[in-house]
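We name chains A, B, ... by the order of the sequence lines, and we start the count at 1 in each one.
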Amino acid sequence: MGSDVEFSNVKGTRDILPEDALVWRRIEEVIRKKMREYNYQELQMPTFEYTELFRKSTGKDTDVFQKEMYTFKDKGGRSLALKPEGTPSVVRMYLQHGMKSRGVFQKFYYIERMFRQEKPQKGRLREFRSFGAEAIGSKSALTDAELIKSALDIMDELGIKGIEVKINSIGCQKCRKEFMKEFKKFLQQKLDSLCEDCQRRFTTNPMRIMDCKVDKRKLIDAPVPLDYLCDDCRRHFSELEKHLDYLEIDYKVDTFLARGLDYYTRTVFEFIHSELGAQDAVGGGGRYDGLIKFLGGKDAPASGYAMGMDRMLLLMPKVKEYREIDIYIVTLDVKSDIIGWELLYKLRENGFSADKDCLGRSPKAQFREADRQNATWTIIIGGEERKKGVVQLKRMKTGKQKEVPLDIEAIKREIKC
RNA sequence: GUGAAUGUAGCUCAAUCGGUAAGAGCGCUGGACUGUGGCUCCAGAGGUUGGGGGUUCAAUUCCCCUCAUUCACCCCA
């Protein structure tokens, strides 16, 4: 790096240069377009919340809350946290603004930046972008299926191929209790053979042991939540499968799929892609029927997901995004320069993207600039044109140029045909 | 937080066993073409070799520390 670089971006953050910004804009446009088709409404949330919100909803025993959050005290001594995920804020907004009165069933989406203090690696940043969709008020498996479908639609439209959908059900509070009893019993026998992390999790968050990669083989005959589902949960899960089949979505039931956040109930799902390396989940989500009541609202079922946009970017086919402007004005002397500036602003008022040299560069340099900017047209003004009250209008692709009166309407006419 | 690999120009990469002026391509600026871009040719600018310390007559090269990046663990988006 050059020695004139005194500062660099903070670890785990990403600078987005103009060429990258074009791709990001496209991703956002596709999300907005699809979410409109699915009738989800946009929500924009604050960058930080009271730490307590995440302690309660994300869960105090989760890694996200314990190890990864950026928390700080403000001058009033309040403990605040940069949001590590979107769902808690969505639910908070839903409750705080009495959004229930807008209807029993509502669908939202957001495109936001999230923050987690982890060691960066492929597909894992400290500031990352995610979009998410949340549907509040429906306990139907139809809603879960629609959510999954919407995410797949978006990725499809962005040209992302090879997404694998994994689903599972971890039951409701009631049947999960049953499962946990048996699961713990099973683990108790093998406790000594489990990895260090799992031994710790055994007391803090036993559910997480289910997708431990180290000891997968040891769990091969472990009880799974699916076998302990109550009748309602079982019916719900088979309905989900039915709806997914109907939508022709390819999925795999992964009986060990568990998610790292506390609020999930019943349906959980993940979108996996093998090219992502260790962070192979492009996104994931599930049902969180208990969360709204838990946060002080009236009992309401809900379901949602979050997608890692940075990971989506990694999976998108690399296409060059070209920038181009309509018109670049080239002037050949000082007097023409003044006419050029006047014309430039007229062109812009008329909706053209247009630019002009302001460094007093040579004609050759101005043309080179026009070329670099991918200008469709150049307008050339010099002494001769000035005398005749005309400009030269040159089509860069063909190199052909034509004399046109110095008049915005005349220029517009010429450009249109 | 733990581990491994890698740090040379804006970018991608060279530089023999440690050897004295650190190179190339792309990009950038200018010229050949004094009023016309792309292609070609020519020239120029741009580096405390990530930073600090050590070994040595001599360090881009070897050693230590540090920082950063990448990948993996972990965790998840």
Side-chain angles (χ1 to χ4, degrees), chain A residues 1-14 17 19 58 62-69 83-87 111-132 151 195-198 200-201 205 208 211-214 257-261 270-273 276-285 304-315 328 330-333 336 357 359 361-386 392-401:
Chain A
M1 304 305 107
S3 61
D4 54 334
V5 179
E6 192 178 347
F7 297 107
S8 64
N9 63 317
V10 173
K11 188 189 196 117
T13 63
R14 175 109 62 215
L17 303 184
E19 55 274 22
T58 306
T62 60
D63 281 16
V64 170
F65 181 81
Q66 285 197 333
K67 303 194 282 202
E68 299 166 8
M69 276 212 310
K83 60 185 183 322
E85 56 146 344
T87 305
I111 298 173
E112 294 279 345
R113 294 173 190 241
M114 305 295 168
F115 306 85
R116 292 186 197 177
Q117 190 160 176
E118 296 179 272
K119 195 147 182 175
Q121 68 188 69
K122 187 175 182 182
R124 190 167 80 185
L125 294 161
R126 291 184 168 183
E127 180 187 36
F128 60 96
R129 294 156 168 236
S130 66
F131 92 85
C195 69
E196 246 176 75
D197 286 306
C198 287
R200 175 181 50 92
R201 290 188 195 116
N205 200 2
R208 299 269 353 126
D211 62 359
C212 174
K213 280 141 204 148
V214 185
L257 178 63
R259 314 222 70 239
L261 310 179
E270 258 176 21
F271 304 102
I272 305 292
H273 200 289
L276 245 25
Q279 316 302 317
D280 62 354
V282 205
Y305 65 79
M307 306 295 298
M309 293 165 72
D310 304 85
R311 292 180 187 177
M312 285 162 61
L313 184 74
L314 291 172
L315 296 173
Y328 197 87
V330 174
T331 57
L332 306 173
D333 56 67
S336 307
D357 174 73
L359 303 176
R361 284 185 285 187
S362 70
K364 184 191 172 70
Q366 293 184 52
F367 272 99
R368 215 178 11 237
E369 190 63 41
D371 202 54
R372 194 184 357 238
Q373 304 283 341
N374 262 315
T376 313
W377 304 89
T378 48
I379 286 175
I380 303 122
I381 310 170
E384 286 172 36
E385 287 78 17
R386 221 166 53 233
Q392 301 292 338
L393 182 65
K394 177 172 179 173
R395 183 161 192 116
M396 291 301 269
K397 218 178 202 163
T398 60
K400 282 184 186 152
Q401 73 183 48

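Across B:G44 and B:A4, the matching C1' atoms stand 43 Å from one another, rounded to whole Å. Atom C1' of B:C39 sits at a distance of 14 Å from the matching atom of B:A32, rounded to the whole Å. Nucleotides B:C71 and B:C65 place their C1' atoms 23 Å apart, quoted to the nearest Å. Between B:U60 and B:A9, the two P atoms lie 14 Å apart (nearest whole Å). A distance of about 12 Å separates the P atoms of B:G19 and B:A15, rounded to the whole Å. Only the C1' atoms considered, B:U6 is 14 Å distant from B:C13, to the nearest whole Å. Atom P of B:G53 sits at a distance of 13 Å from the matching atom of B:A59, rounded to the whole Å. Nucleotides B:U66 and B:A77 are separated by 32 Å at their C1' atoms, to the nearest Å.
Spacing between atom CZ of A:Arg14 and atom C1' of B:U69 amounts to 11 Å, rounded to whole angstrom units. Here the P atom of nucleotide B:A77 and the CG atom of A:Leu313 are 19 Å apart, to the nearest Å. Atom OH in A:Tyr328 sits roughly 14 Å away from atom P in B:G37 (whole-Å rounding). As rounded to whole Å, 13 Å separates atom C1' of B:C74 from atom CZ of A:Arg116. For the pair A:Arg311 CZ and B:C71 P, the interatomic distance rounds to 12 Å; values are reported in whole Å. When rounded to the nearest whole Å, the span between CE of A:Met69 and C1' of B:G1 equals 17 Å. Atom P of nucleotide B:U70 and atom CG of A:Leu125 are separated by 8 Å, given to the nearest angstrom. Atoms CZ (A:Phe128) and C1' (B:C76) sit 8 Å apart, rounded to a whole Å.
Side-chain atoms of A:Gln366 come within 3.5 Å of backbone atoms of A:Arg361 as a donor-acceptor pair (strictly under, hydrogens ignored).
Minimum atom distance to the side chain of A:Ala281 is reached by B:C76, of the listed B:U36, B:G38, B:C76. Side-chain atoms of A:Ala306 lie closest to B:A77 of the nucleotides B:A77, B:G31, B:G38. Nearest to the side-chain atoms of A:Gln392 among the listed nucleotides B:U36, B:G1, B:U69 stands B:U36. The side chain of A:Ala278 sits closest to B:C73 out of B:C76, B:C73, B:C33. For A:Lys364, the listed nucleotide lying nearest its side chain is B:G31; candidates were B:A77, B:C74, B:G31. Comparing B:A77, B:G30, B:U36 by their nearest atom to the side chain of A:Phe367 picks out B:U36. Comparing B:C74, B:G35, B:G37 against the side chain of A:Lys67 picks out B:C74 as the nearest.
A:Lys122 comes within contact range of the sugar-phosphate backbone alone, with a heavy-atom separation under 4.0 Å but no base atom that close. In this structure, A:Ala375 reaches neither bases nor backbone, as no heavy-atom distance under 4.0 Å exists between it and the strands shown. In this structure, A:Val330 reaches neither bases nor backbone, as no heavy-atom distance under 4.0 Å exists between it and the strands shown. Using a 4.0 Å heavy-atom cutoff across all strands shown, A:Glu384 reaches at least one base atom of the nucleic acid. Among the protein residues, A:Arg259 comes within range of the sugar-phosphate backbone only, with heavy atoms under 4.0 Å from sugar or phosphate atoms but none that close to a base. Across all strands shown, A:Glu112 has no heavy atoms under 4.0 Å from either base or sugar-phosphate atoms. A:Lys119 comes within 4.0 angstrom of a nucleotide base, judged by non-hydrogen atoms across all strands. Within 4.0 Å of A:Gly284, counting heavy atoms only, lie sugar-phosphate atoms of the nucleic acid but no base atom. No engagement by A:Gln366 is indicated, since no non-hydrogen atom pair under 4.0 Å with the nucleic acid exists. Residue A:Gly132 is classed as having no contact, given no heavy-atom separation below 4.0 Å to the nucleic acid. Within 4.0 Å of A:Asn9, counting heavy atoms only, lies no atom of the nucleic acid at all. Within 4.0 Å (heavy atoms only), A:Ala370 reaches no atom of the nucleic acid at all.
In a base pair of the Watson-Crick type (N1 to N3 plus N6-O4 or O6-N4) or a G-U wobble (N1-O2 and O6-N3), with each distance short of 3.5 Å, B:G47 is matched with no nucleotide. When Watson-Crick and G-U wobble pairs are counted only if both distances are under 3.5 Å, B:G18 pairs with no nucleotide at all. Across all strands shown, nothing is found opposite B:G35 as a Watson-Crick or G-U wobble partner with both distances under 3.5 Å. B:U61 is unpaired under the Watson-Crick or G-U wobble criterion, no partner having all donor-acceptor distances under 3.5 Å. For B:A5, the paired base is B:U69 (Watson-Crick or G-U wobble, both distances below 3.5 Å). Across all strands shown, B:U12 forms a Watson-Crick or G-U wobble pair with B:A24, both key distances being under 3.5 Å.
Between A:Asp371 and A:Tyr328, the closest side-chain pair of non-hydrogen atoms is not below 4.5 Å. At least one side-chain heavy atom of A:Leu332 sits less than 4.5 Å from a side-chain heavy atom of A:Ile380. A 4.5 Å side-chain heavy-atom check between A:Met396 and A:Phe367 finds at least one atom pair inside the cut-off.
Comparing A:Val10 and A:Gly308 along RNA chain B, the residue whose closest nucleotide (by nearest heavy atom) sits nearer the 5' end is A:Val10. Residues A:Lys397 and A:Ile381 each lie close to RNA chain B; by heavy-atom proximity, the contact nearer the 5' end of the strand is made by A:Ile381.
The two residues A:Gln121 and A:Ala278 have their closest heavy-atom pair at NE2-CB, 3.7 Å. Here the shortest heavy-atom pairing between A:Ser336 and A:Arg386 reads OG-NH1, 2.9 Å. Here the closest non-hydrogen pair linking A:Ala151 and A:Phe271 is CB-CZ, 3.6 Å. The two residues A:Arg126 and A:Pro120 have their closest heavy-atom pair at NE-CD, 4.1 Å. In terms of heavy atoms, A:Gln401 sits closest to A:Gln392 at NE2-OE1, 3.4 Å.
With rounding to the nearest 0.5 Å, the separation of CD in A:Glu369 from CG in A:Asp357 is 7.5 Å.
Remark: A:Gln121 is in phosphate contact with B:A72, judged by side-chain N or O atoms under 4.0 Å from OP1 or OP2. Taking 4.0 angstrom as the limit, A:Arg368 places a side-chain polar atom (N or O) nearer than this to OP1 or OP2 of B:G30. OP1 or OP2 of B:U29 sits under 4.0 Å from a side-chain N or O of A:Arg372.
For A:Asp371 against B:G37, a side-chain-to-base donor-acceptor contact under 3.5 Å is present.
B:C65 shows a glycosidic angle more than 90° from 0 and is accordingly assigned anti.
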